[in-house]
Amino acid sequence: MIYLDNAATTFLDRQVASFICSFYKKDMGNASSQHRLGIQAAVVIEKARQVIAGSIKADPKEIFFFSGGTEANNTVIKGIALARKRQGNHVIVSAIEHPSILEPARWLQRQGFRVSYLPVNPEGFVDPADVKRAMTPRTILVSVMHANNEIGTIEPIRPIGALCRKRGVIFHTDACQSFTKVPLDVECDCLDAVTLNGHKIHGPRGVGALYVRKGLVLDAFMHGGHQENGMRAGTYNTEGIAGFGKAVEIADNRDVARMTKLRDYCIQEIENRIAGVSLNGPRQQRLCNNLNFSFSGAAGKELFLLLNAGNIFVSTASACSSNALQASHVLQALNVNDDRAHGAVRISLSKKNTKEEIDHVVSSLAGFLKKIRRKI
Amino acid sequence: MKKAIEVLDLTGVGCPMNTARILLRLAVMADKACLEVMLDDGEPIANVPVSIEDEGHQILARERKGKQWMLRIQKSH
């Protein structure tokens with residue numbers, strides 16, 4: 001089996017798994033309880049919060065835990081817009097955001113907000129000048145992802161953040177794909193809110209976090225208890241949070257360097273050995289683990305099925321919409337033709353993938369494409 | 001010369017996360033070292049000292065500072 005769908009989710013690191021299991025084997029209290037067992041659980045959570053805060057140069061008071069990236073993204077888009085509606089009604093997002101940003105933005109439109117969807121260039125980059133042009137005195141929030149989940153484009157968040165800071169507009173970035181792979185510094189990048197999650201970095205599924213700059217007020221999305229200072233009600237997922245913290249703690253820059261090398265090797269091998277191939281997304285400023293190719297004369301879905309039968313697991317679009325036959329909104333935003341959009345295959349690496357695996361995948365792809373193209 | 005005391009601002013942090021953060025900080029401090037903590041009025045000042053003493057540490061002082069409280073803790077083990 002060769003797993004190359006790490007942008008959808010990663011396998012749990014064994015070290016993280018043992019760490020989580022150690023808590024499942026213990027008698028743990030509810031981290032909101034004041035007794036000793038509750039406080040022990042709270043210590044586990046606070047340790048993870050410190051590690052996560054440190055990794056983006058934030059204060060632990062600015063980190064709030066959620067059930068994942070989607071919940072954090074929904075909270076930040078709806079919560080900031082609703083809390084600031086007296087100041088304005090205009091929100092700006094990029095056209096290639098994850099659906100957990102785009103759908104809340106559409107929800108805001110139904111509530112009477114105005115939303116601008118920023119275009120991207122053919123490599124998927126947002127132009128900060130477009131952000132500036134889209135801003136009005138009624139703009140309250142800009143959200144541009146740190147790195148795209150389908151084509152790996154690393155967006156120029158620092159100049160966009162600086163622009164927002166200058167205009168007094170809140171700036172959010174969804175860093176679910178880039179977290180621990182591309183450095184983030186909430187101060188230097190002028191970030192007011194950042195979405196992070198655990199399962200893209202060999203941590204557990206079902207846990208995410210939101211960085212919220214001190215003093216920034218959001219309307220809560222989940223109402224109930226006073227967990228997370230009222231930012232997110234609900235019993236703490238102590239074991240999940242512990243695992244998330246551990247995954248961040250063991251994240252290693254050497255893995256980023258290794259994945260970058262493997263990504264470039266894969267691009268080189270595919271382009272050298274297979275004709276009629278187009279790389280979607282940029283060659284520079286690209287996530288270390290992302291590859292996205294379109295193969296002329298072959299539908300992505302057909303390749304996906306052949307690879308799947310050969311125990312090679314990739315994705316045709318973003319995982320969340322891989323069952324949909326509609327071309328990905330990201331590839332559509334790049335203005336690629338229909339054939340190219342429908343022919344796209346995403347290969348996303350992890351620290352566990354090897355050169356031998358890539359060699360096998362490239363040979364399999366070449367073989368499958370020969371068969372498919374012969375049929376035409 | 002008087003030894004500088006570490007300070008931890010836990011205003012705005014709810015219970016028992018404030019206690020947890022104090023315990024984490026004390027865990028990396030030397031035995032008998034002191035930690036000054038700023039806490040909110042209400043539940044935090046009612047709960048935290050009890051929980052910290054329950055863990056074997058000593059409360060040396062508690063002082064009201066406007067709407068907040070300063071707690072001086074000595075690590076005891």
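What you see below is based on every heavy atom in this structure, not just the backbone, and it leaves out hydrogens, waters and symmetry mates. In what follows, chains carry the letters A, B, and so on, assigned in the order in which the sequence lines appear, proteins first and then strands, with residues in each chain numbered from 1.
For A:N253, the CG atom counts as loosely surrounded, since its 6.0 Å shell holds 12 or fewer non-hydrogen atoms of other residues, nucleotides or ligands. Other residues, nucleotides and ligands place more than 12 heavy atoms under 6.0 Å from the CZ atom of B:R64. The neighbour count for A:H35 NE2, taken as heavy atoms of other residues, nucleotides or ligands under 6.0 Å away, is above 12. The number of heavy-atom neighbours closer than 6.0 Å to NZ of A:K351, taken from other residues, nucleotides and ligands shown, is above 12.
A:N229 contributes atom CG, which lies 9.5 Å from atom CE of B:M17 (distance to the nearest 0.5 angstrom). Between atom CG of residue B:L24 and atom CD1 of residue A:I45 there is a gap of 11.5 Å, rounded to the nearest 0.5 Å.
Of the atoms belonging to A:E228, not a single heavy atom falls under 4.5 Å from chain B. Contacts of A:A41 with chain B are absent, with no heavy-atom separation under 4.5 Å from either backbone or side chain. Looking at B:L10, the atoms closer than 4.5 Å to chain A (heavy atoms on both sides) all sit in the backbone: N, CA, C or O.
Taking 4.5 Å as the limit, some side-chain heavy atom of A:K61 sits within range of a side-chain heavy atom of B:T11.
Closest approach of A:E46 to B:A20, counting heavy atoms only: CG-CB, 3.6 Å. Heavy-atom minimum distance, B:P16 versus A:Q34: N-NE2, 3.7 Å.
A donor-acceptor contact shorter than 3.5 Å is absent between the side chain of B:D54 and the backbone of A:R36.
Here B:N47 is the residue among B:L23, B:N47, B:V50 with the most heavy-atom pairs under 4.5 Å with chain A.
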